[in-house]
Amino acid sequence: MTGAGPIYFETVGEELRIHDRVMDATCRLTADRSVDAERVSDARFLFPVDAAVSFEATTLSMPANAGSCVRDERGDIDVQLSDAEVSFPRGTYYVDVEAACKLYVKVFDAAFEAATEHHHGEGAATLAFEEPTRVAVGARSRHERPHGTITVPDDPGALRETLPYLASAVKEWSSERSWPTLRGHPPRIERGDALSIPSGLTRPDTGVTLAVPETYASLYAVAPLAYYLGADVVEAPEPELRLDNGFRQSLGDGAVSPRTARALLERCFFLDTLVRTAGYYDVPRQEYEAVAGELSFYPPALYDRPIPEQLMEYLEAPRAAFADSLPDARYAAVVRDDPTDAPLLPFLVRDLVPIAVGDDRSVTGRALATGHSTPPIPDGDTRLSVSGFEHGLARPVRDVSEERIALLGVDDAARDALSDVLIGREHREADEPFTVETAPTTTAAVRDALETDYGFVHVASPLTAAGFDCRDGVLDPTTLDDVSARVVSAVGGQNAEGALDALIERGARAGVVSPSLDSRTAGRTAGRFLSGAPFERAVMWSGAPGPFRFAGDVTACPVVLGGGVPISQYVLRSESLDNHRLWVRAWWSGFNVTGGLTAIYAEHVSDRYRLVGTEIEQPPALSSAGVAALCNEREAVYVLNGEVYQHDHEVTPDEVRQSAARALADRSPTDSDTQF
């Protein structure tokens, strides 16, 4: 059973094979009889699926990872599938299966027993019915890669026609699309002689139109908004948002204002995350408790309303009610006002990255990193490239237990510092669950490390415009056929930019050059990396002095701790010598991108869920003794009055008071930023 979509089915005797074209993955379900499947409408399912089939079976076995569950007819979770056998009375159910594809097995008016075996998070579930029963199996691609490529000529009119098709990968046009798993990766864009859009791509019809001048600057600025709202994009001399109920709102004066486009996207996205609490997952949220009562509408009441009706309510909400609860974007992007950067758009809109053009820096606040498509790259920012994003797609994140890193030209202090900053029980349950290898900085050793599939490689030899200045000669990165190392760190200056970019073009996902990165700070960077931090944070938390020159996808987390738990950051700010306020942030992991949720279970943290990327204050205030005890737990990254604690000694209450005294003396009356 083939088709043009991401999912197709194949029957082989008693086996139903579900193939995911996008992710190159296959799931298998086994029945007690030959499977005679027929295609059915995906409208049979409460949840979005790419395709579905129906057949009869008395028993059905399927993969079932941690998180698989049985839902009732309304979609509410009835029970998690565990190692125990569970009986279900006659009724209609959805068996929600976490596997290589997202699977839903709909049981129609039947009783059954579910037995599950788990082995280290992976296993199998078997459904046993009282009699032959018709079930429907719906599958959704995880769609973390592009499906198809749009060819676009160097003409802004062609790019305008292309933008609505970037949203073809979005799985559902309700507020549930604020979940990252329901926003599939947009198709690639390549430059060519004529516009060519694959026949399998569709453009949504959501009742939203973005009318914009046909210029690259305006089209780039509205691209993330068009993707998220499923908007049509039409040409107009004055930019505005148009809804099919007749509503109009300006998006700028003569050109799209990137600041206005970003503010509208933030508003729609964040308020959608509140409305979706009436949907698939009704979980307590810190942001909801803080914001909902200040809004001009009751979020659950908008759940089933069309997007234009929702937007009308969203636009009435006072921004002051939710501005402090907005999550940070992974990036703010600054691109060129020409067709060269069109191929970057699918990778930027996927994570709702705000985009500005040229010298415009209006979108660069409230983001983990700022990326530029072309030099000059300001200190601390990164050079964006399609290659860096593509390399990330080709190499999925690895669990820390599978990771290998190489530290070249460092002394024993590197390994000691690495051990000091490791976070999480996953690390403490084994002496060293990952592999750390060291070597001198010879040209052969550096070449070997860069051409090996290491997660992280640090090279202590200077990186210059000519290449790595090793003890026995210079290694020019452009002589490497393929860089297999995922992330590369080097010591160098401004003239190393070209060599760093060459490493990204040849295979690395991200890289950094800093003028002074000694063995201890190199070890700390590696330790933070192995703790699951985004690469940019791993560098910034190392204590290295900078300035830093980044390249590639530096907000990526190429390593995750077991289960994809994001790394937490505790920001402590002293109000007096013995009174300290606490904010908590959970950074995204390889499985938690924009719109994902996490919960931190700790003594001083509310057990409610929160959006990944938010920083939320946790009452009550802590004493100096409480701060010292918290930092010594070593379960997070601790930032005390702007200084990252490196875990290389036990913090005492006196040290906390000394930090408070310095901060209170230096702090200006207007300084209220909780981030460092």
Open item on the list: Please check: side-chain N/O of Arg262 versus main-chain N/O of Val363, any donor-acceptor pairing under 3.5 Å?
Closed with: yes

Open item on the list: Checking the side chain of Tyr220 only, and the main-chain atoms of Val334 only, is there a donor and an acceptor separated by less than 3.5 Å?
Closed with: no

- [ ] Spell out, as yes or no, whether a donor-acceptor pair under 3.5 Å connects the side chain of Ser531 to the backbone of Ala533.
- [x] no

- [ ] Specify the closest pair of heavy atoms between Ala223 and Leu163, including all atoms of both residues, with the distance to one decimal.
- [x] CB-CD2, 4.0 Å

- [ ] Decide, yes or no, whether a salt bridge links Glu235 with Arg160 under the criterion of side-chain N to carboxylate O below 4.0 Å.
- [x] no

Open item on the list: Ignoring hydrogens, what is the shortest heavy-atom contact between Val639 and Gln569? Give both atom names and the distance.
Closed with: CG2-NE2, 3.7 Å

Task: N-O pairing of Arg549 and Asp501 below 4.0 Å - done: yes

Open item on the list: For Pro239 versus Pro213, what's the shortest heavy-atom pair and its separation?
Closed with: CB-CD, 3.9 Å

TODO: For the pair Glu287 and Thr273, evaluate side chain to side chain contact (heavy atoms under 4.5 Å, CB included) and give the outcome as yes or no after the intermediate values.
DONE: CA-CA 10 Å; Glu287 311 90 45; Thr273 72; 5.5 Å; no

Task: Electrostatic pair Lys171-Glu176, nearest N-O below 4.0 angstrom - done: no

Task: Under 3.5 Å: donor-acceptor pair, side chain of Asp351, backbone of Val353 - done: no

TODO: Answer with yes or no whether the side chains of Glu505 and Ser387 bring together a donor and an acceptor at under 3.5 Å.
DONE: yes

Task: Short side-chain to backbone donor-acceptor contact, Glu238 and Gly254, under 3.5 Å - done: yes

- [ ] Would you name the heavy atoms of Pro258 and Ser362 that are closest together and state the gap between them?
- [x] CB-OG, 3.6 Å

TODO: Give a yes or no on whether the backbone of Trp541 and the side-chain of Gln646 come within a donor-acceptor separation of less than 3.5 Å.
DONE: yes

- [ ] Please tell me if the side chains of Glu172 and Trp179 come closer than 4.5 Å, counting only heavy atoms from C-beta onward.
- [x] no

Task: Test item: Glu497 and Val513 side chains (from C-beta on) under 4.5 Å apart, heavy atoms - done: no

Open item on the list: Within the structure provided, determine whether Val487 and Val457 are in side-chain contact (heavy-atom separation under 4.5 Å).
Closed with: no

Open item on the list: Which residues pass the ring-ring contact (aromatic ring centres under 6.0 Å, His included) test with Tyr314, not counting sequence neighbours?
Closed with: Phe297

Open item on the list: Donor-acceptor check, side chain of His391 to backbone of Gly507, threshold 3.5 angstrom: yes or no?
Closed with: yes

Open item on the list: Students often mix this up, so state it plainly: with edges at 30° and 60°, are the rings of Phe456 and Phe535 parallel, tilted or perpendicular?
Closed with: tilted

Open item on the list: Rounded to the nearest 0.5 Å, what separates atom CG in Leu159 from atom OG1 in Thr215?
Closed with: 10.0 Å

Open item on the list: Which heavy atom of Ile405 sits nearest to which heavy atom of Ala526, and what is that distance?
Closed with: CD1-CB, 3.8 Å

Open item on the list: Testing the 3.5 Å rule here: is there a donor-acceptor pair between the side chains of Thr151 and Glu190?
Closed with: yes

- [ ] Scan Arg145, Arg509, Arg188 and name whichever one has a salt bridge (charged side-chain N to carboxylate O under 4.0 Å, His left out) with Glu390.
- [x] Arg188

TODO: Under the side chain to side chain contact (heavy atoms under 4.5 Å, CB included) rule, what do Leu195 and Val152 come out as? Steps first, then yes or no, please.
DONE: CA-CA 5 Å; Leu195 180 63; Val152 183; 4.3 Å; yes

Task: Partners passing salt bridge (Lys or Arg N to Asp or Glu O under 4.0 Å) against Arg140 (at least two apart in sequence or in another chain) - done: none

Task: Evaluation steps, side chain to side chain contact (heavy atoms under 4.5 Å, CB included), between Thr594 and Arg183 - done: CA-CA 10 Å; Thr594 306; Arg183 298 193 309 273; 3.7 Å; yes

Open item on the list: So does Ala538 get a backbone contact from the side chain of Arg528, meaning a donor-acceptor N/O pair under 3.5 Å?
Closed with: no

Open item on the list: Return the OG1 to CG distance between Thr443 and Asp469, rounded to the nearest 0.5 Å.
Closed with: 11.0 Å

Task: Spatial distance of atom OG1 (Thr181) from atom NE2 (His143) [nearest 0.5 Å] - done: 13.0 Å

TODO: Please identify each residue that fulfils ring-ring contact (aromatic ring centres under 6.0 Å, His included) with Tyr454, with sequence neighbours left out.
DONE: none

Task: Test item: Leu418 and Phe434 side chains (from C-beta on) under 4.5 Å apart, heavy atoms - done: yes

Open item on the list: Nearest 0.5 angstrom please: Leu408 CG to Ser489 OG, how far?
Closed with: 11.0 Å

Open item on the list: So Ser461 and Val446, do their side chains get closer than 4.5 Å, heavy atoms only?
Closed with: no

TODO: Report the residues that fulfil salt bridge (Lys or Arg N to Asp or Glu O under 4.0 Å) with Arg191, sequence neighbours left out, ordered by chain and then residue number.
DONE: Asp154

- [ ] Please say whether more than 12 non-hydrogen atoms of neighbouring residues, nucleotides or ligands are located less than 6.0 Å from CZ in Arg142.
- [x] yes

Contacts table for residues 367-381: side-chain donor-acceptor under 3.5 angstrom, sequence neighbours left out:
residue, atom, partner, partner atom, Å
His372, NE2, Asp381, OD2, 2.7
Ser373, OG, Asp341, OD2, 2.6

Task: Polar side-chain atom of Thr614 near backbone of Ile616 as donor-acceptor pair, under 3.5 Å - done: no

- [ ] First locate atom CE of Met23, then atom OG of Ser141, and finally report the distance between them rounded to the nearest 0.5 Å.
- [x] 6.5 Å

Open item on the list: Within the 4.5 Å heavy-atom criterion, are Asp328 and Arg585 side-chain neighbours or not?
Closed with: yes

Open item on the list: If you define the side chain from C-beta out and look only at heavy atoms, does anything of Leu503 sit under 4.5 Å from Phe468?
Closed with: yes

Open item on the list: Considering only residues two or more places apart or on different chains, which pairs with a residue in residues 480-492 satisfy salt bridge (Lys or Arg N to Asp or Glu O under 4.0 Å)?
Closed with: Asp453-Arg486

- [ ] Might you point out which heavy atoms bring Val256 and Ala261 nearest each other, and give the distance in Å?
- [x] CG1-CB, 4.2 Å

Open item on the list: Both conditions, 6.0 Å and 45 degrees, for the charged tip of Arg177 above the ring of Tyr228: are they met here?
Closed with: yes

Open item on the list: With heavy-atom distances below 4.5 Å as the criterion, would you say the side chains of Ile189 and Thr149 are in contact?
Closed with: no

- [ ] Report the C-alpha distance between Trp587 and Val637 in whole Å, list the side-chain angles of each, state the deciding distance to 0.1 Å, and finish with yes or no for side chain to side chain contact (heavy atoms under 4.5 Å, CB included).
- [x] CA-CA 11 Å; Trp587 297 100; Val637 175; over 6 Å; no

Open item on the list: With a 3.5 Å distance limit and no angle check, can you tell me whether Trp588 reaches the backbone of Thr555 through a side-chain donor-acceptor pair?
Closed with: yes

Task: Atom pair CG/CZ of Asp232 and Arg203 - distance to nearest 0.5 Å - done: 4.5 Å

Task: Test applied, salt bridge (charged side-chain N to carboxylate O under 4.0 Å, His left out); reference residue, Asp553; option that passes from Arg330, Arg350, Arg395 - done: Arg330

